[in-house]
Every structure is written in C-alpha cells, then in structure tokens.
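For clarity, every value in this text was computed on a predicted model and none was experimentally measured. Count residues from 1 along the sequence.
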Amino acid sequence: MTDTLSSAQARRIALAAQGFTRRRPTAVAARHMHRMMERLGVLQIDSVNVFARSHYMPLFSRLGAYEPALLDRVFLSRTTHYVEYLAHEATFIPIDDWPLWRFRMDRFRERWSQDPWTTANARTLEWVKDELRTQGPLRPADLRDDAPRERGSWWDWDDVKLALEHLWRIGDVAISGRKGFERTYALAEQVIPDAILSRRIPRQDAIRELVRRAARSSGVATASDLADYYRIRDRSAVTQSIADLVDEGELLPVHVRGWERNGRPLPAWRHRDAVLPRRVDAAAILTPFDPVVWFRERALRAFELDYRIEIYVPAEKRRFGYYSLPVLVGDRIVARIDLKADRSRSTLQVQSAWWEPQADPASDIEAIAAEVALAASWQGLENVSVSGWGSAAHALHEVLSSTDASVRRHVHLRESVA
C-alpha cells in the first residue's frame, strides 16, 4: 500500500530531515556541528565570498550565529574528522567515508588511464607524488617554488596544478587542510588512517549505502532526488539500490500530491525514520548550495522555487541579483535576498530583496528582518544597507529600521542598483 502525502507534508518531512525542526543552541559548540553533519552527510565547498563562503552557510542556517573559526577548527585542522572529496561537488565528508568513494575514484582512474593528457604528463604525476612523499603536505605554491625547471620542456606549471587535482580525484592524494582558502595536498596515506584507507567496499554496496543516506537526509524523495544528493550518474545502480532498500523496509513508497511529470505521479519514497512534524517554525537564509535547494528540479517541485544563480549573467539582465539567497520561513521559501558584506564599511548590503509567490508578506517580513540582522551580527558587521531594488526591499527596510534598537544596527535605504 502506498501512502499519500500533501506537498506541505512532504516539505515538512524534508525540512525535519535536514535539521530545521531542532531548536538552535544558545552557544554553538563542535558537537552541534558534528550532529548536523550526521544529518547532512556532506557540506559543499564554494569559493564565492560575497557574503560568506557557502560551506559556512548551512550550519548558520540551522544552528544560528557561531564563530566561523570554530568551523575552521572542526573541518580544517590536521586532527579533523573530515576530509574533502567530490561527494556532490567538492564537499567535506566524514573521513570514515573515504572507502565509500573508492568506486568514484576507480571510475576516474579508469576513464583517464588512456587519456592523452595522462600519458603526456606521466613524469609530472610521478614527480608530484615523489615531492609529497618526501616533503609531506604541500600547497601548490610550495610545489611551484621547487619546480624542476632545469629538467627541460616537460615542466609546465598548469600541468602540475592539474596533476594535483587528477591525483585527488583518483584517490592517490587527499586534501590535508587549507591555508586561507588554498588547499594543502598530501598523499592519501598521509591523511587517511590505514584502517580506513585499506577498507574495500564493493561498488553496488557503496552506492546502496549512499542512496540510503540520501534518503535519510531527504526524508522523502524521488529517484532523481536520491541520485543527485551524491551525484550518482548510474541510474540503474540507484534503481537497484532503491529496490533493495524497499525490500529491507528502509524505504516506503509514497505518493506526493503535486509531484508529477507530464501529468503522471512521480514515484517517491519516504525513509522509515522520517518524521512528519505538525509545523516547522524555522526561519533561515540559505546558500544556493544548501541540500534543501541545490537540486533545482527538487527545489521547484517541493518548494516552488525557480532558482538560478546569476553570477555569470550580465548585470543588466539579472532578475534578482548577483548571488541571491533563498529565505525559508516555516515550511516555505518566501523570498530571496542578495547579500554582500562590505567589510571596509562594516556594512551588510542587502542589494536586492524579492518576494516569492508563496510568501505572506505581512507575516513573513518580521522573520526575514530578524535573519538579516542575525546575519550581520554573525559576520561582525555593524550596519545594514538596504537597496530599493526588489518587491520586498522597502518592507524589509521599514521593519529593520523600526527594530533598530533591538537589533543594534544602523539601517540605511539606498538607491536601487540592478
């Protein structure tokens, strides 16, 4: 028998699975980050730093303001529980999960074994590994300083940078940390404990485990949702994994009203441990790379969010702003705001603010304003500047201004800038 869920129930299940029904702690500690990572599974890394780099955002969205240096200590220290790999895009993953990704590493290795670049740069690849073996973890700049330019025309700096990324993808090299945002590379055995590095998991077993985790983190999902969570391209392996998990009773078939394609219901599954809360009281600013919205098909289907990053869109053609961030209130995506941290002026610039169709402006604006004020505080910014661009901009300015004493922010409205 297949249960039926409303679209609102599916949203609440998904948000509960993602940690949005848990009360934010009064003081965020490392244990809160570890617990949240158990829910998320991965934390996507992105270099864009207009407001805050993406990997800092999901924990802020769920836990509230925390000291960013705490995340650096938890995820980037030499004694960290986490390591980087392509588990969605570039992400932090639990270091214990390294063997789960061996199938992807092996696929890269197989694909590139006969690639002309690999053959042409065999000496470069060996030299990079030798340097890491003898010197330990190195930044690309360290390798550049030691480049064997006297060896002749085989040397090319771009090829060495590519070699590091190549070796990382095939699992010979791991990221041992970052200095600033620059990666430090090391041989995998210098980063991954022997007991973990030597573990082997058959490919189908690894994919089934990842589909299981994706289901747990999603709450309720379609096959496409489950495949995208860890970017598994082998749909037959995903289909087989779903069937196995249904047979084991871990996934339960459901029908979600409104989840359709070409007028036909989309098959969906609910994880057996997924909770359906009566309501979701959360408010949060999301990164575009938050698991709630990173799969644009799911964001549109589940949250009615038709989302596109406009970084690469010419300024005059942008609809919502350079790097607009979805805003969650309750179980709805109600707005999107384009934030920029102007650190020289200690100002959080709200460059645009727009209502989404499912918003209730009169009741949602207070929660949005509170999150904007919290975001400024989190980033250590004393002021908030609100552009007049966007359907929600003036309401946001009005509420921020009226609550200025409580949020302790100087709020300014400036001319709209497209």
Practice problem: Show your reasoning for whether side chain to side chain donor-acceptor pair (under 3.5 Å) applies to H271 and R216. | Solution: CA-CA 6 Å; H271 191 272; R216 184 186 62 194; over 6 Å; no

Would you check if [X] and [Y] make a side-chain contact, meaning some heavy-atom pair closer than 4.5 Å?
| X | Y | value |
| --- | --- | --- |
| S217 | Q18 | yes |
| V48 | R53 | no |
| L59 | F75 | yes |
| I285 | L339 | yes |
| T184 | L138 | no |
| P140 | E182 | yes |
| V275 | R12 | no |
| L348 | V372 | yes |

Quiz item: Quick one: does NZ or CZ of R336 land under 6.0 Å from the six-membered ring centre of F320, within 45 degrees of the ring axis?
Solution: yes

Any donor-acceptor N/O pair, [X] side chain to [Y] backbone, under 3.5 Å:
| X | Y | answer |
| --- | --- | --- |
| Q349 | D342 | no |
| H88 | D228 | yes |
| S391 | W355 | yes |
| N121 | W117 | yes |
| D364 | D360 | yes |
| E89 | Q44 | no |
| T118 | S113 | no |

Exercise. Carefully, step by step, assess H34 and Y82 under the rule ring pair (Phe, Tyr, Trp, His ring centres under 6.0 Å).
Key: CA-CA 10 Å; H34 293 311; Y82 304 98; 5.6 Å; yes

Quiz item: Can you check side chain to side chain contact (heavy atoms under 4.5 Å, CB included) on R62 and D290, steps first, answer last?
Solution: CA-CA 11 Å; R62 291 156 176 78; D290 192 293; 2.7 Å; yes

Self-check item: Distance-only polar pair, side chains of S54 and T287, donor-acceptor under 3.5 Å
Solution: yes

Quiz item: Just by distance, with hydrogens left out, do Q240 and R208 show a side-chain donor and acceptor under 3.5 Å apart?
Solution: no

Quiz item: Below 6.0 angstrom between ring centroids: does that apply to W101 and Y230?
Solution: yes

Check [X] against [Y] and note the closest heavy-atom contact, atom names and distance.
| X | Y | value |
| --- | --- | --- |
| L15 | G330 | CD1-O, 3.8 Å |
| L70 | A29 | CD2-C, 3.9 Å |
| V238 | I207 | N-CG2, 4.5 Å |
| A188 | G171 | CB-O, 3.4 Å |
| W378 | A65 | CD1-CA, 3.8 Å |
| S6 | V256 | O-CG1, 4.0 Å |

Strictly below 4.0 Å, N to O, side chains only: are [X] and [Y] in salt-bridge contact?
| X | Y | value |
| --- | --- | --- |
| D72 | R178 | no |
| E260 | R264 | no |
| R35 | E38 | no |
| R24 | E371 | yes |
| R296 | D306 | no |
| R169 | E165 | yes |
| E304 | R332 | no |
| R104 | D234 | no |
| E297 | R261 | yes |
| K129 | E126 | yes |

Rounded to the nearest 0.5 Å, how far does [atom2] of [Y] lie from [atom1] of [X]?
| X | Y | atom1 | atom2 | result |
| --- | --- | --- | --- | --- |
| L197 | I192 | CG | CD1 | 6.5 Å |
| S324 | W354 | OG | CH2 | 10.0 Å |
| L71 | F92 | CG | CZ | 6.5 Å |
| Q190 | R133 | CD | CZ | 8.5 Å |
| D244 | Q204 | CG | CD | 6.5 Å |
| Q9 | D331 | CD | CG | 10.5 Å |

Self-check item: Of D225, V246, L245, L252, the residue whose pairing with W269 passes side-chain contact (heavy atoms from CB on, under 4.5 Å)
Solution: V246

Quiz item: Would V292 and F20 count as a side chain to side chain contact (heavy atoms under 4.5 Å, CB included) if you check the C-alpha gap in whole Å, the side-chain angles of each, and the deciding distance to 0.1 Å?
Solution: CA-CA 10 Å; V292 171; F20 282 101; 3.7 Å; yes

Practice problem: May I have the step-by-step check of side chain to side chain contact (heavy atoms under 4.5 Å, CB included) for L381 and R345, ending in yes or no? | Solution: CA-CA 8 Å; L381 303 173; R345 295 179 173 83; over 6 Å; no

[X] [atom1]: over 12 foreign heavy atoms closer than 6.0 Å:
| X | atom1 | result |
| --- | --- | --- |
| R199 | CZ | yes |
| R272 | CZ | yes |
| D247 | CG | yes |

Quiz item: Looking at F103, W168, Y85, which hits ring-ring contact (aromatic ring centres under 6.0 Å, His included) with W98?
Solution: Y85

Practice problem: Might you work through the salt bridge (Lys or Arg N to Asp or Glu O under 4.0 Å) test for D97 and R102, ending with a clear yes or no? | Solution: CA-CA 9 Å; D97 288 354; R102 184 65 64 183; over 6 Å; no

Exercise. Take the angle between the ring planes of Y323 and F289 and call it parallel below 30°, perpendicular above 60°, tilted in between.
Key: tilted

Practice problem: Mind running side chain to side chain contact (heavy atoms under 4.5 Å, CB included) on E310 and Y312 for me, showing each step along the way? | Solution: CA-CA 5 Å; E310 297 183 310; Y312 303 110; over 6 Å; no

Quiz prompt | Stepwise ring pair (Phe, Tyr, Trp, His ring centres under 6.0 Å) check, W294 with Y229 | solution = CA-CA 9 Å; W294 66 13; Y229 203 91; 5.1 Å; yes

